[in-house]
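Quick notes on the structure that follows.
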Amino acid sequence: MARFYVTTPIYYVNDVPHLGTAYSTIVTDALRRYHLLRGDSARMLTGTDEHGLKIERVAHEKGTTPQRWADETSARFRAAWPKLDIAADDFIRTTEPRHTEFVRELWKTIEAKGDLYEGEYEDWYCVGCESFKTEKELLPGNLCPIHLKPVERLKEKTFFFRLSKYEKILLELYARKPDFIAPKERRNEIISFVEGGLRDLSVSRTSFKWGIPVPGHDEHVMFVWFDALANYMSALKHGPNGEDLMAYWPKLGSDARAVHIVGKDIIRFHAVYWPAFLLAAGFTEDELPSQVYAHGFLTIDGMKMSKALRNGVDPVRLASEVGPDVLRYHLLRAIAFGQDGDFDHAALVERYNADLGKNLGNLLNRTLGLCAKYTGSKVGPGWAPTPLEDDLFAAVKIHAADAANEWDSIAPHRALEATWAIASAANQYVDRAAPWAAVKDADKERGQARVETILSTLLSLLGALSIMIWPAMPQKSAAMRKQLGLEPVEPRTGHDLFANLFALRAPGEAFSVGAPLFPVIDKDTEKALLERLVPKTDASAATDAAAAATPAAATPAAAAALSKNDAPTKPPEADPGSPMTRSLIAYDQFGAVDLRVGVVVSAERVQKKDKLLQLKVDIGEESPRSIIAGLAKTFKPEELVGKRVIVVANLAPRDFGGGFVSFGMLLATGPSEDLTLATVTGNVAPGARLK
RNA sequence: GCCGGAGUAGCUCAGUUGGUUAGAGCGGGCGUUUCAUACGCGCUAGGUCAGGGGUUCGACUCCCUUCUCCGGCACCA
């Protein structure tokens with residue numbers, strides 16, 4: 001028996017549960033269940049991350065308090081998971097005292113050991129935005145790009161974490177523990193990131209309040225990630241009932257493993273900052289998480305998940321339609337864990353029919369049918385295995401061992417593949433053994449004994465399968481076992497259910513055949529189901545975002561790319577800010593901006609700059625303006641030609657090096673990979689002034 | 001541009017340290033059984049293993065190079 005501690009990321013409360021978070025959480029739960037099957041003492045943690053400026057702002061915009069906002073959103077996560085048959089052992093909120101107290105202790109420990117120091121952050125500051133700006137963000141003449149007013153040089157007090165000190169230590173760690181970061185693509189990325197040099201990390205803010213106060217410095221709140229990462233340990237230090245569960249945390253000589261399941265977008269925080277924080281607090285290398293495993297992103301029916309397009313699939317609704325087990329199975333089986341994957345509704349139905357209905361479901365059904373016919377729905381006494389059975393068991397045991405290995409190495413898709421190889425082998429076996437023929441043996445007794453052997457064999461395999469599917473499909477496992485006349489899977493610590501998977505049933509045990517576990521979905525039902533499930537996206541908005549009126553504008557809060565993951569080495573929040581936080585400008589200030597309608601006459605890529613395009617834009621002048629714009633992530637050069645754009649015509653020229661100088665700027669909105677250009681309706685002549 | 005990863009049958013992917021006819025699942029096609037949820041089983045893909053060079057007796061598997069895609073970094077709206 002070993003201890004296995006597995007965690008999901010804690011989810012930021014400016015979002016609600018969606019398919020991506022559901023996926024992380026389902027995988028984590030399946031791993032927890034697998035380890036329980038093995039007799040391990042497994043523990044799963046999930047929760048919500050509730051601090052930070054973003055939350056403070058969202059709450060403000062919604063006219064509520066951060067705490068109330070967090071309460072509501074956190075409750076939605078908490079309510080969602082059980083509906084997906086996720087049974088976390090603990091749900092932590094970063095606003096709980098057990099967490100905040102732990103984090104403050106952690107802070108004090110690190111401070112005492114010398115890796116936190118008070119310093120000053122100095123950079124350009126825009127009073128209008130009330131935030132720092134980096135040099136790069138500024139317009140020529142040190143103007144704020146939003147307010148077009150001069151910025152000031154300002155210092156803010158902040159605590160720094162001595163991250164630079166851990167550069168070498170972390171690289172050595174990665175070298176010594178090759179599995180610490182998985183999959184290996186991510187590992188490579190992290191290594192090259194750290195090799196690129198680590199700067200000390202600003203880990204406190206004075207510009208907002210919604211966070212954990214720094215001990216002894218109430219004007220500072222902690223950087224959200226310092227706060228958030230510690231949840232994995234605070235939840236052990238102070239369990240849900242106040243108990244100390246630190247035995248689950250790895251330690252030299254202990255059998256405890258801790259695995260963090262994360263999305264690939266937050267791997268850096270977990271693989272760089274978190275171990276550095278722990279080392280700084282005096283934990284040894286043996287007391288770091290065993291592994292940080294990053295999964296990929298999901299697309300839905302081939303399209304990116306996007307709030308603006310509203311194709312976010314509600315996992316709870318999906319589960320209520322197809323059943324949590326089916327959703328879980330499909331996610332676990334169809335997506336290669338660690339890689340990006342596509343959630344395809346039609347594929348879900350297809351897989352359901354093939355794997356669940358026709359393979360496993362039908363196997364159960366036909367076996368029980370045979371039992372009803374030949375043994376009175378009881379386990380017969382006959383047991384005389386032939387080479388056919390011996391070969392089958394040999395093969396099937398290998399598959400079971402494969403499945404176990406794959407679960408152990410966190411490859412649910414492969415584990416399930418191996419599991420289903422057993423079901424396939426069983427179906428083949430039925431045909432080969434042909435009990436319906438065997439029963440016609442001239443020697444009646446011999447025929448009956450043969451049939452009983454065959455059926456006992458099948459029952460053994462089905463019993464094994466009912467256990468092996470439990471991590472993915474707990475309810476279906478129970479339903480299956482009920483039909484087999486077995487109690488639901490009940491894992492016990494120290495009792496490895498894989499040890500005797502293929503145990504034979506005792507003669508006389510009875511079954512209770514029920515309705516098909518996985519009725520096959522026919523074409524008509526499928527059509528109706530898909531119609532209900534597949535989210536209606538605005539196709540034109542999806543495929544022609546460039547030309548369409550910006551969909552993001554309708555929901556500013558959602559469009560603002562609210563993420564807590566903004567690079568933390570940047571100054572405190574170079575956030576464009578909500579409309580509420582902007583200051584007002586006088587009419588002449590606006591009038592100072594010369595906005596013109598332009599037509600793109602040519603566009604080409606800028607060498608060595610992935611994001612940049614060099615445009616020639618006709619704004620009614622003798623010759624087209626040369627403008628460098630960061631549009632390359634969204635647009636191909638040729639598709640811009642002929643487009644009407646809005647140009648800031650009186651912007652001071654900016655030199656991009658290599659002979660590329662930009663004389664103006666285009667107006668656009670959205671993230672860099674999905675920009676929408678501002679334009680005008682109607683056939684306005686180039687050079688027309690906007691006012 | 002730098003650093004990674006990937007490009008294998010219609011789709012999703014396996015292919016160990018280079019070695020006889022390149023694999024699986026799904027879908028499709030053909031055949032077949034009857035216990036079963038019109039389900040199962042068997043057969044079936046003649047695939048330039050992205051392209052081009054090279055090393056080797058021999059390369060999907062090693063080296064070089066080109067192209068495409070995806071990430072990270074850089075640059076940036």
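Computed from heavy atoms alone, side chains included, the values below leave out hydrogens, waters and symmetry copies. Because the structure is predicted, anything quoted here is derived from the model rather than measured. To find a chain, count down the sequence lines: A is the first, B the second, and so on, and within it residues start at 1.
Relative to the side chain of Lys358(A), the nucleotides G42(B), G40(B), U33(B) differ in distance, and G40(B) lies closest.
On the P atoms, G15(B) is 39 Å away from U33(B), given to the nearest whole Å. For U16(B) and U56(B), the P atoms lie 23 Å apart once the distance is rounded to whole Å. Separating the C1' atom of U21(B) from that of G25(B) is a span of 22 Å, rounded to the nearest Å. Taking atom C1' in both G47(B) and G28(B), the straight-line distance is 16 Å, to the nearest Å.
Contacts of Asn427(A) with the nucleic acid, taken as non-hydrogen atoms under 4.0 Å apart, involve only primed sugar atoms and P, OP1 or OP2. Contact annotation for Gly196(A): no contact, since no heavy-atom pair falls under 4.0 Å across all strands.
No N or O donor and acceptor, one from the side chain of Asn188(A) and one from the base of G5(B), sit under 3.5 Å apart.
Remark: U12(B) base-pairs with A24(B); criterion is Watson-Crick or G-U wobble with both hydrogen-bond distances under 3.5 Å. The partner of C69(B), taking Watson-Crick or G-U wobble pairs whose two distances both stay under 3.5 Å, is G5(B). With a 3.5 Å ceiling on both atom-pair distances, the Watson-Crick or G-U wobble partner of C43(B) is G29(B).
Aromatic ring centres of His295(A) and Phe297(A): separated by at least 6.0 Å. Tyr352(A) has its ring centre no less than 6.0 Å from the ring centre of His330(A). Ring to ring, Phe343(A) and Tyr23(A) are not that close: their centroids are 6.0 angstrom or more apart.
Checked against Trp225(A) for a ring-ring contact (aromatic ring centres under 6.0 Å, His included), the options Phe269(A), Trp274(A), Tyr273(A) give a single hit: Phe269(A).
One finds no side-chain N or O of Arg351(A) lying less than 4.0 angstrom from the OP1 or OP2 phosphate oxygen of U12(B).
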